[in-house]
Amino acid sequence: MPTKTSIQNIGQFLGQSVTLQGWLYNKRSSGKIVFLQLRDGTGTIQCVAVKAELPEEVFQICQSLKQEASLRVTGEVKEDERAQNGYELTVQSVELLHQSDDYPISLKEHGVDFLLDHRHLWIRTPRQRAILKIRSEVLQAMTLFFSENGFTRVDPPILTPTSCEGTSELFHTQYFDEDAYLTQSGQMYMEAAAMALGKVYSMGPTFRAEKSKTRRHLIEFWMIEPEMAFVDHDENMRIQEQFVSYIVQHVLKHCAIELKTVGRDISILQNVQPPFPRMTYDEAIKWLNDNNYEIAWGEDFGAPHETALAAQFDRPVFIERYPTAIKAFYMQPDPDRPEVALCADLLAPEGYGEIIGGSERIHDFALLEKRFEEHQLPKEDYDWYLDLRRYGSVVHSGFGIGLERTVAWICGLEHVREAAAFPRMLYRLKP
RNA sequence: UCCUCGAUAGCUCAGCGGUAGAGCAUCCGGCUGUUAACCGGAGGGUCGUAGGUUCGAAUCCUACUCGGGGAGCCA
């Protein structure tokens, strides 16, 4: 019996007969030879069926296979310079498992609308497979980094009673007789967890009911949110640059084929090493005004501002110490300059925008209580959050990194929607 | 919510006032090294919906529906 294996391991079986199971990606044929492009999720390989070397019925099966038919192929592994990954399979036998009539996604160009309607099939294509593989490796790299650096994973709830930040629109739902909302950030829960476990992180979906319709926005997206006790603003940034560099270098090491499949220029990614450049908000405002952007101190950056700022550098850049007034209520003001907050956004190069938002959190009870009043937040809903400042409060910091934006940047995607298997977008809930 | 672009064959598009077109996909035939293979043939349409202008509308006008891109907001 020939050994069953997968395409990624085919090189170990040179000269031997093996069995592969997968789907027909494409077929090219002439009267007496058929080339089957087989994919099995781990890769793609060309199987060559020669009429003169096969029983008539086997060759007929090869001719009858349609795009995305499932099949089992047995053949001899050969090296071939003409093959794209160096190996070919010379077909000895083929078993048609299930035919595929009228497969909707041909190998020609398609529009976005059509592809998104067929997302459940679109993910079978090599490019989409590669992106999902890289996404998986990004999560794997994050998990490894956290594990190597003493973090504990804590999973905050998805159903929440109130807003975490009070800014974005929330998805409303019912929790029996109460109102409930889908989480837009687990941060406040992670602050509580950091006081219990020291260094913690979460990974999971978040929801924003914003009518956002750009290449950088999804309605449901994954956020990874580390939170660290006894870490101040500067250390927070140092951890972030180590973290992002670790992820990028991990992907470069483990996803060379996938990066090639998506057409990424990896020389840009190779630059992603600490330290990352840092600009203060003040410096950024000055730079923008020196470069023909009109923006006053106190205004938030728009997407074109962020793109222009980030375009100066070959790796992500921190913009730190934004005006307290335009940032979230829980951010620690600079003790020497309370009008700015000890926070930083990390902007990815090449126009991918903000991938991380982070800050040192207010640890002083009286100041946080004052912020609740200023922002007119219902204290009864947040009393547990104030408790964290009542009992052994410590300096702590954290950040949130957007998974799809990070994957889109690493892969060089036009749009974050390709970074999610089934993206939830404005006006698009199916499939 | 605002700005902007679009909707014609299963898919990608052309046609922009005078009888509905191409490439791919599908089906039939040909080809022993193809790389989105190629060559020949065939079938395939309420031109998003509803009104209007006109002798005549896929084409011009109005409204609506659905979608793309962008802004704001954010990761």
Side-chain angles (χ1 to χ4, degrees), chain A residues 25-37 44-54 59 63-64 66-68 78 80-85 88 90 100-118 121-122 125-127 164-170 184-187 205-225 299-307 326-328 345-348 351-358 399-409 414-417 419-420 425-428:
Chain A
Y25 174 63
N26 196 12
K27 178 183 75 178
R28 296 179 202 91
S29 68
S30 63
K32 291 168 184 165
I33 186 165
V34 176
F35 302 97
L36 304 172
Q37 304 291 330
T44 306
I45 192 168
Q46 176 159 278
C47 307
V48 186
V50 181
K51 187 174 186 178
E53 299 170 6
L54 287 169
F59 191 75
Q63 284 184 311
S64 74
K66 295 179 185 173
Q67 189 186 359
E68 289 301 319
K78 288 184 176 167
D80 195 307
E81 284 180 6
R82 292 165 295 191
Q84 285 179 338
N85 59 356
E88 263 187 3
T90 302
S100 167
D101 291 314
D102 301 319
Y103 188 71
I105 304 184
S106 68
L107 298 176
K108 293 282 177 176
E109 290 173 16
H110 296 286
V112 173
D113 193 36
F114 174 81
L115 288 171
L116 285 172
D117 283 342
H118 295 83
L121 302 175
W122 187 20
T125 59
R127 177 181 165 82
C164 278
E165 302 183 12
T167 50
S168 300
E169 292 292 324
L170 298 172
Q184 61 159 3
S185 167
Q187 184 205 311
T206 51
F207 306 87
R208 305 271 165 96
E210 295 280 352
K211 304 253 179 188
S212 297
K213 253 181 81 160
T214 81
R215 70 183 70 188
R216 299 181 307 280
H217 290 89
L218 295 174
I219 303 301
E220 174 182 334
F221 65 98
W222 270 50
M223 193 149 65
I224 290 81
E225 296 183 280
E299 287 181 64
D300 208 351
F301 302 128
H305 300 129
E306 289 188 350
T307 301
I326 58 169
K327 283 292 177 179
D345 285 352
L346 186 68
L347 307 183
Y352 285 93
E354 183 183 349
I355 55 171
I356 290 182
F399 61 95
I401 178 166
L403 178 62
E404 287 81 4
R405 281 192 188 173
T406 303
V407 172
W409 163 54
E414 286 292 310
H415 197 299
V416 288
R417 64 185 162 221
M425 303 163 63
L426 192 60
Y427 310 133
R428 195 176 277 284

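Just so we're on the same page: letters track the sequence lines, and every chain starts at 1.
Contacts of A:Thr406 with the nucleic acid, taken as non-hydrogen atoms under 4.0 Å apart, are absent. The residue A:Arg216 sits close to a base: some heavy atom pair falls under 4.0 Å. A:Lys66 comes within 4.0 angstrom of the backbone, heavy atoms only, and of no base. Looking at heavy-atom distances under 4.0 Å, A:His415 makes contact with sugar-phosphate atoms alone, never a base. Residue-level contact check: A:Asp300 touches the backbone only, with heavy atoms under 4.0 Å from sugar-phosphate atoms and none from bases. In this structure, A:Phe114 reaches the sugar-phosphate backbone alone: every heavy-atom distance under 4.0 Å involves primed, P, OP1 or OP2 atoms, never a base. If you check every strand for non-hydrogen atoms under 4.0 Å, A:Ile105 touches nothing. If you check every strand for non-hydrogen atoms under 4.0 Å, A:Ala303 touches sugar and phosphate atoms only. Counting non-hydrogen atoms under 4.0 angstrom, A:Gly31 reaches a base of the nucleic acid. The residue A:Ile355 sits close only to the backbone: its heavy atoms come under 4.0 Å of sugar-phosphate atoms, none of a base. Within the nucleic acid shown, A:Glu354 comes within 4.0 Å of sugar-phosphate atoms alone, with no base atom in reach, counting heavy atoms only. Within 4.0 Å of A:Lys213, counting heavy atoms only, lies at least one base atom of the nucleic acid.
Judged by distance alone with a 3.5 Å cut-off, a donor-acceptor contact links the side chain of A:Gln46 to the base of B:U34. Scanning atom types as modelled, one donor and one acceptor separated by under 3.5 angstrom connect the side chain of A:Ser212 and the base of B:C73. A donor and an acceptor atom sit less than 3.5 Å apart, one in the side chain of A:Arg405 and one in the base of B:C74.
Using N1 to N3 plus N6-O4 or O6-N4 for Watson-Crick, or N1-O2 and O6-N3 for G-U wobble, each under 3.5 Å, B:A42 pairs with B:U26. In this structure B:G21 sits in a base pair with B:C13, meeting the Watson-Crick or G-U test at under 3.5 Å. The partner of B:G72 is absent, by the rule that a Watson-Crick or G-U pair needs both atom distances under 3.5 Å. Taking a pair to require two hydrogen-bonding distances under 3.5 Å in either a Watson-Crick or a G-U wobble arrangement, B:C31 remains unpaired. For B:G6, the paired base is B:C66 (Watson-Crick or G-U wobble, both distances below 3.5 Å). Across all strands shown, B:U54 remains unpaired; no Watson-Crick or G-U wobble contact has both distances below 3.5 Å.
Atom OH of A:Tyr427 is separated from atom P of B:G68 by 9 Å (rounded to the nearest Å). Atom C1' of nucleotide B:A71 and atom CD of A:Glu306 are separated by 13 Å, given to the nearest angstrom. The CG atom of A:Leu426 sits 8 Å away from the P atom of B:G68 (whole-angstrom rounding). What separates CD1 of A:Ile45 from P of B:U34 is a distance of 18 Å, to the nearest Å. A:Glu210 has its CD atom 13 Å from the C1' atom of B:A71, to the nearest Å. Distance CG (A:Leu107) to P (B:G23): 18 Å, rounded to an integer number of Å. Between A:Lys211 atom NZ and B:G70 atom P there is a gap of 18 Å when expressed in whole angstrom units. One atom, CD of A:Glu88, and another, C1' of B:G33, lie 8 Å apart when rounded to the nearest Å.
Note that the CZ atom of A:Arg215 and the OH atom of A:Tyr352 stand 8.0 Å from one another [nearest 0.5 Å]. Rounded to the nearest 0.5 angstrom, A:Ile355 CD1 and A:Leu403 CG are separated by 11.0 Å. The line from NE2 of A:His217 to CE of A:Met425 is 12.0 Å long, rounded to the nearest 0.5 Å. In this structure, CZ on A:Phe35 lies 13.0 Å from NZ on A:Lys27, to the nearest 0.5 angstrom.
Rounded to a whole angstrom, the distance from the C1' atom of B:A57 to that of B:C16 is 11 Å. Nucleotides B:C73 and B:U59, compared at atom P, are 40 Å apart to the nearest Å. Annotation: B:C3 and B:G72 have their C1' atoms spaced 11 Å apart (nearest Å). B:G67 and B:A25 have their C1' atoms separated by 23 Å, with the value rounded to a whole Å. Comparing the C1' positions of B:U46 and B:U4 gives an interatomic distance of 30 Å, to the nearest angstrom. Rounded to whole Å, the C1' atom of B:A9 lies 14 Å from the corresponding atom of B:G15. B:C13 and B:C38 have their C1' atoms separated by 22 Å, with the value rounded to a whole Å. Distance check on atom P: B:U49 versus B:C31 gives 45 Å, rounded to whole Å.
Residue ring and base: A:Phe221 counts as stacked with B:A75 (centre distance below 5.5 Å, interplanar angle below 30°).
Exactly one of A:Arg216, A:Arg208, A:Glu210 qualifies for a side-chain contact (heavy atoms from CB on, under 4.5 Å) with A:Ser212. That residue is A:Glu210.
Counting only heavy atoms from C-beta on, A:His217 has its side chain closest to B:C73 among B:C73, B:G33, B:G69. Nearest to the side-chain atoms of A:Pro304 among the listed nucleotides B:A71, B:U32, B:A75 stands B:A71. Taking only side-chain atoms of A:Leu218, from C-beta outward, the nucleotide of B:C24, B:G70, B:A75 with the closest atom is B:A75. Between B:U32, B:A36, B:C31, one nucleotide has an atom nearer to the side chain of A:Lys32 than all others, and that is B:U32. When distances run from any side-chain atom of A:Ala52 to the nucleotides B:G72, B:U32, B:U12, the shortest one goes to B:U32. For A:Ile33, the listed nucleotide lying nearest its side chain is B:G33; candidates were B:U12, B:G33, B:A71. For A:Met223, taking side-chain heavy atoms from C-beta onward, the closest of the listed nucleotides B:A75, B:C73, B:C31 is B:A75. For A:Ser30, the listed nucleotide lying nearest its side chain is B:U32; candidates were B:A71, B:U32, B:U26.
Counted within 6.0 Å of CD on A:Glu109, heavy atoms from surrounding residues, nucleotides or ligands total 12 or fewer; the atom is thus considered open.
The main-chain N or O of A:Val48 is never found under 3.5 Å from a side-chain atom of A:Thr90 such that the two would form a donor-acceptor pair.
Nearest-nucleotide mapping onto RNA chain B: of A:Gly302 and A:Met425, the residue sitting toward the 5' end is A:Met425. Each of A:Tyr103 and A:His110 has a nearest nucleotide on RNA chain B; the 5'-most of these lies closest to A:His110.
In this model, the phosphate group of B:G69 is approached by a side-chain N or O of A:Arg417 to a distance below 4.0 Å at OP1 or OP2. The side chain of A:Arg428 places no N or O atom within less than 4.0 Å of a non-bridging phosphate oxygen (OP1 or OP2) of B:C66.
In summary, A:Arg428 and A:Asp117 engage in a salt bridge, as defined by a charged side-chain N under 4.0 Å from a carboxylate O.
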Subject >> Working for side chain to side chain contact (heavy atoms under 4.5 Å, CB included), residues A:Met223 and A:Ser185 >> reply: CA-CA 8 Å; A:Met223 193 149 65; A:Ser185 167; 4.0 Å; yes
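Classification of the A:His118-A:Phe114 ring pair by plane angle, with boundaries at 30° and 60°, yields tilted.
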